[in-house]
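Below is one structure, written out as structure tokens; the observations come after it.
All values reported here derive from a predicted model rather than from experimental measurement. Within every chain, numbering begins at 1; the chains are lettered A, B, ... in the order of the sequence lines, protein sequences first and strands thereafter.
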Amino acid sequence: MARKAAGKPPEEILLDWKREQASLKARVVDRDTEAWQRDPAFSGLQRVGGVDVSFVKDDSGSACASLVVLSYPELEVLYEDCRMVTLTAPYVSGFLAFRELPFLVDAVQQLRQREPRLMPQVLFVDGNGVLHHRGFGVACHLGVLTDLPCIGVAKKLLQVDGLENNALHKEKIQLLKAGGDSFPLMGGSGTVLGRALRSHDHSTKPLYVSVGHKISLEAAVRLTHSCCKFRIPEPVRQPPSPG
DNA sequence: GCGACAG
DNA sequence: ATCTTGTCGC
């Protein structure tokens, strides 16, 4: 009986959340800030991280907030943290960060304190960055709060700003033939909000990559492809178990 | 016909 | 997310 989570918060809360998004959005940096991001082989990049909130049971609110750090380019585990948490805020499209982010920020801060040498140089985030209703998805939010480069990786197209998962979109997906192939997702405003990426040769369903913070879209897409042994980038593929 | 809604 | 399913469509 996967009962649906509690209904939407009152309008005043949503307005608050929107205000916070708008305010933090001004701090997003949507270009490369690190030398390795411009290097063809990403040389200088040694640690890539991923965060995720995965559910244990039905909708009890019981979940596992995890942070994984892998070596690059080997993609071997350097650090794993998985903490049981109780989610309070409901899931509302456009406000994912307010449900999951506090726990992810905690995980990053804890790593920063205990094992600063293992701090990842970039974080993959489940969900979108600037490909978002108000241009400030969870990957931007996490990036701004932690000051780490972040990449938004979503498994479904968020249909905002005129973007639609329609026949034309599906045709474009068909044209992605090899891992690494991608096409731009252009919003109605003429801005490129992200790219649909075929993340692996044998993956037919694309990933939707968008800038979170402190990285260009081009580098984000290239690195995402580079971290995919399968469809989902290794740092966010299989979160560690609590036990 | 019941929707467009990342996770 | 998670159940599970199938090949559409404004």
Side-chain angles (χ1 to χ4, degrees), chain A residues 1-9 11 13-14 17-18 21 24-25 28 50-68 82 84-105 107 123-144 150-171 173-174 185 187-188 193-197 199 204-213 217 220-221 224 231-233 235-239 241-242:
Chain A
M1 320 304 178
R3 194 187 57 213
K4 202 155 192 210
K8 285 174 70 165
E11 198 59 35
I13 300 290
L14 291 180
W17 287 356
K18 285 182 191 175
Q21 289 177 330
L24 293 175
K25 177 173 158 49
V28 170
V51 292
D52 187 32
V53 172
S54 50
F55 294 84
V56 185
K57 295 193 168 186
D58 27 36
D59 73 332
S60 57
S62 188
C64 173
S66 60
L67 167 60
V68 172
C82 181
M84 293 305 302
V85 299
T86 302
L87 301 178
T88 57
Y91 168 68
V92 183
S93 179
F95 302 96
L96 178 61
F98 296 92
R99 176 168 167 83
E100 301 190 344
L101 208 61
F103 309 105
L104 303 179
V105 173
L123 275 179
F124 288 92
V125 182
D126 266 330
N128 293 292
V130 300
L131 172 46
H132 178 268
H133 307 62
R134 289 163 296 280
F136 192 74
V138 62
C140 299
H141 209 139
L142 184 62
V144 166
C150 284
I151 300 173
V153 178
K155 298 184 272 305
K156 303 180 202 169
L157 175 63
L158 184 57
Q159 306 187 142
V160 295
D161 196 18
L163 291 174
E164 275 186 295
N165 185 18
N166 55 19
L168 174 58
H169 182 79
K170 289 169 182 165
E171 282 175 29
I173 290 174
Q174 298 300 317
L185 302 165
L193 301 176
R195 297 188 72 97
L197 168 71
S199 61
T204 183
K205 188 173 172 163
L207 249 34
Y208 297 95
V209 178
S210 59
V211 169
H213 189 47
L217 179 59
V221 167
T224 300
R231 178 174 176 243
I232 307 295
V236 282
R237 201 176 118 243
Q238 278 169 6
S241 317

Quiz item: Expressed in angstrom and rounded to an integer, what is the separation of A:H141 atom NE2 from B:dG7 atom C1'?
Solution: 15 Å
Practice problem: Taking the side chain as every heavy atom from C-beta outward, state whether A:L131 and A:L185 have any atom pair closer than 4.5 Å. | Solution: yes
Quiz item: NA contact type, A:G94, heavy-atom cut-off 4.0 Å: base, sugar-phosphate, or nothing?
Solution: base
Quiz item: When the distance from CD1 of A:I232 to C1' of B:dG7 is rounded to whole Å, what number comes out?
Solution: 12 Å
Practice problem: Evaluate the side-chain proximity of A:N165 to A:Q159: yes if any heavy-atom separation is below 4.5 Å, no if none is. | Solution: yes
Exercise. Nearest whole angstrom, please: distance from the P of C:dG6 to the NZ of A:K205.
Key: 16 Å
Quiz item: Yes or no on side chain to side chain contact (heavy atoms under 4.5 Å, CB included) for A:V221 and A:T224, after CA distance, side-chain angles and deciding distance?
Solution: CA-CA 5 Å; A:V221 167; A:T224 300; 5.7 Å; no
Exercise. Starting at atom CG of A:N166, determine the distance to atom C1' of C:dG9, rounded to an integer number of angstrom.
Key: 12 Å
Self-check item: Among B:dG7, B:dC5, B:dA6, the one nearest A:K155 by side-chain distance
Solution: B:dG7
Quiz item: Hey, does the side chain of A:E164 reach the backbone of A:H169 with a donor-acceptor pair shorter than 3.5 angstrom?
Solution: no
Practice problem: Go ahead and write out DNA chain C as dot-bracket, 5' to 3': ( ) for pairs within the strand, [ ] for ones crossing earlier pairs, | when the partner sits on another strand, dots for unpaired; Watson-Crick or G-U wobble, both distances under 3.5 Å. | Solution: ..........
Practice problem: Return the value, rounded to whole Å, for the distance between atom CZ of A:F103 and atom P of B:dG7. | Solution: 19 Å
Quiz item: Ignoring hydrogens and geometry, is there a side-chain-to-backbone donor-acceptor pair from A:S66 to A:C82 under 3.5 Å?
Solution: no
Practice problem: Round to a whole Å and report the spacing from CG of A:D161 to C1' of B:dA4. | Solution: 16 Å
Quiz item: What stem regions, each of at least 3 consecutive Watson-Crick or G-U pairs below 3.5 Å, can be found for DNA chain B?
Solution: none
Counting only pairs under 3.5 Å, give me each side-chain donor-acceptor contact of residues 133-144 of chain A, with atom names and distances, residues two or more places apart or in other chains.
unit_1, atom_1, unit_2, atom_2, d
A:R134, NE, A:Q21, OE1, 2.7
A:R134, NH2, A:Q21, OE1, 3.1
A:R134, NH2, A:G94, O, 3.1

Quiz item: Would you say the side chain of A:L123 lies within less than 4.5 Å of the side chain of A:L67, judging by non-hydrogen atoms?
Solution: yes
Self-check item: Rounded P spacing from B:dA6 to C:dG6 in Å
Solution: 23 Å
Self-check item: Nearest-angstrom distance from the residue atom CG of A:L101 to C1' of B:dG7
Solution: 13 Å
Quiz prompt | Over all atoms of both residues, closest heavy-atom pair of A:P102 and A:A97 | solution = CD-O, 3.7 Å
Quiz prompt | Span that lies between the C1' atom of C:dG9 and that of B:dG1, in whole angstrom | solution = 12 Å
Exercise. Check for a donor-acceptor pair, side chain of A:R99 on one end and backbone N or O of A:T88 on the other, with a separation under 3.5 Å.
Key: no
Practice problem: Check the distance between B:dC5's P and A:F95's CZ and give it to me in whole angstrom. | Solution: 14 Å
Self-check item: C:dA1 pyrimidine/purine six-ring stacking with A:Y91, under 5.5 Å and 30°
Solution: no
Quiz item: Expressed as a whole number of Å, how far does the P atom of C:dC10 sit from that of B:dC5?
Solution: 16 Å
Practice problem: Look at the side chain of A:R99 and decide which nucleotide, out of B:dG7, B:dA6, C:dG9, has an atom nearest to it. | Solution: B:dG7
Exercise. Look only at the side chain of A:R195 and the backbone of A:L217, and say whether a donor-acceptor pair between them is shorter than 3.5 Å.
Key: no
